[in-house]
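One structure is given below, represented as structure tokens, and several questions about it will come after.
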Amino acid sequence: MERYAGKRSDWSNEPGTGKVFNPGTKNGAQGPWSARKVVIVGAGAVGATFAYALAQSGAADDIALIDANPDLAKGQVLDLAHGLAFLPAVRIHVGSLADYRDADAIVITAGAKQQPGESRLALLSRNAAIVKEIARGIADADSPAAIIVTTNPVDILTYIVLKETGRAPGRVIGSGTVLDSFRFRYLLSQKCGVDVHNVHAFILGEHGDSEVAAWSMTHIAGIPIDEYCASCGRCGDREAQRKKIADEVRNSAYHVIDYKGATYFAIGLALTKIVAAVLRNQRSVLPVSTLLQGEYGLNDICLSVPCLVGRAGAERVIEGRLVDSELKALANSAAILKQTLAQIGKG
Ligand code: NAD
């Protein structure tokens, strides 16, 4: 068996460098291997649950948690670190602005909590200032990371972070309607009595009240939903059922918040899916919030449409065929978001 012949110092896992020991190749050459590092800004319910899910996924080697409340960040790190023996190899630590420099992904979950009954758009003024400051810190650090925004209202804040950092459009994405789309798939799977993994469906547009259920892109077992429904016959009034499901998706967050004050498990898993797609260059098709530049007839607005998500972030917008009513609803969603941006002088 070959022995490692490098210096002892090469074994070090220096805090903050994000680098770990590189065993090199069989002939002794050292490759430029570095840890897949994720910085989570905001260690509250969403940030910590995401860290927990990400650590279990094995997609990241290094997870740094930053919070305006340093004790909270320390507490979350300790609690997570106590579970390291049960997890795939991963380093979990309290982060600082220096961690931006060699991060692969920075996930912004920092912000104020949505209060019961409070609309996402009403959170805007409280959260815009917070994410602007974070965006400036990322830009100052000249970070190479893809930025994923989760703080609500996510589409507006994604646009603000994009403009504040001056990055290429695909490098700043919002978690958008990834969560809503998974909620949609769950509800369809329950209604149709089919495994959720065999249901493919997207919610598009704003992550919020104007979101659009894209029925024309919905498939069960590869069969368009209209054809599937025709052969299934489980539902009575199909249109009424569809409206009910779309309304339930739209109101899901309000219901969970009414029951328990916040949503964090499903968004933690949705973020893990997005970030793993970036870290592993998976080119997964996900409805993330991204800047549109003519796609679907829309310009200069961030909202969710299916995108290829990989190392470079949202690498390509996939333009599916929507029916006129869906296109109109998507344009309405964009108009609402633009109006909000104009109200805060960002349009
Ligand atoms: P939370 O209050 O539990 O956590 C937010 C954390 O952000 C707090 O710990 C706070 O100290 C921290 N923070 C505030 N300003 C900061 C700053 N400048 N730098 C670093 N940290 C800062 O809230 P939560 O339940 O975790 O939700 C966080 C955000 O995520 C909210 O805006 C919520 O609406 C949003 N959210 C989005 C989705 C989605 O699908 N996009 C889903 C759920 C929640």
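Residue numbers start at 1 and run along the sequence shown. First listed ligand is number 1; within each ligand, the first listed atom is number 1. Remember, predicted model here, so these are calculated numbers, not experimental data.
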### Query
Are Asp226 and Arg242 close enough for a salt bridge, meaning some N to O gap below 4.0 Å?
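Looking at Asp226 and Arg242, the cut-off is met.
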### Task
Indicate yes or no: does an N/O atom of Ala45 lie under 3.5 Å from an N/O atom of ligand 1?
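Indeed, backbone or side chain, Ala45 has an N or O that close.
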#### Entry: Presence of salt bridge, Lys163 and Asp300, under 4.0 angstrom
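Here Asp300 pairs with Lys163 in a salt bridge, since their nearest N and O are under 4.0 Å apart.
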### Query
Any salt bridge between Asp140 and Arg136, counting N to O under 4.0 Å?
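Salt bridge between Asp140 and Arg136, a charged N being under 4.0 Å from a carboxylate O: no.
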#### Entry: Close N or O approach (Glu133, ligand 1; < 3.5 Å)
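No - when backbone and side-chain N and O of Glu133 are compared with those of ligand 1, no distance drops under 3.5 Å.
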### Contact check: Thr151 vs ligand 1, nitrogen or oxygen atoms, below 3.5 angstrom
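No, no N or O pair falls under 3.5 Å.
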### Message
Checking the N or O distance criterion of under 3.5 Å, is ligand 1 in contact with Leu179?
### Response
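Leu179 vs ligand 1: no N/O contact under 3.5 Å.
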### Task
Select the closest option to atom 21 (N) of ligand 1 among Ala43, Ala68, Ser289, judged by heavy-atom distance.
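The nearest heavy atom belongs to Ala68.
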### Message
side chain to side chain contact (heavy atoms under 4.5 Å, CB included), that's the test. Do Val256 and Lys260 meet it? Break it down for me.
### Response
CA-CA 6 Å; Val256 179; Lys260 58 178 251 183; 3.8 Å; yes
### Query
Is Lys37 salt-bridged to Asp99, going by a charged N under 4.0 Å from an acidic O?
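Looking at Lys37 and Asp99, the cut-off is met.
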### Under 3.5 Å side-chain donor-acceptor pair for His207 and Asp180
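A donor-acceptor contact under 3.5 Å links the two side chains.
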### Query
Looking only at non-hydrogen atoms, which of Asp67, Ile267, Thr49 approaches atom 9 (O) of ligand 1 most closely?
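Nearest heavy atom to atom 9 (O) of ligand 1 lies in Asp67.
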### Message
With a 4.0 Å cut-off on heavy atoms, is Ala112 in contact with ligand 1?
### Response
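Yes; Ala112 lies near enough to ligand 1 that a heavy-atom distance drops under 4.0 Å.
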### Query
Considering only heavy atoms, which of Thr263, Leu72, Thr177 lies nearest to atom 43 (C) of ligand 1?
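That would be Thr263.
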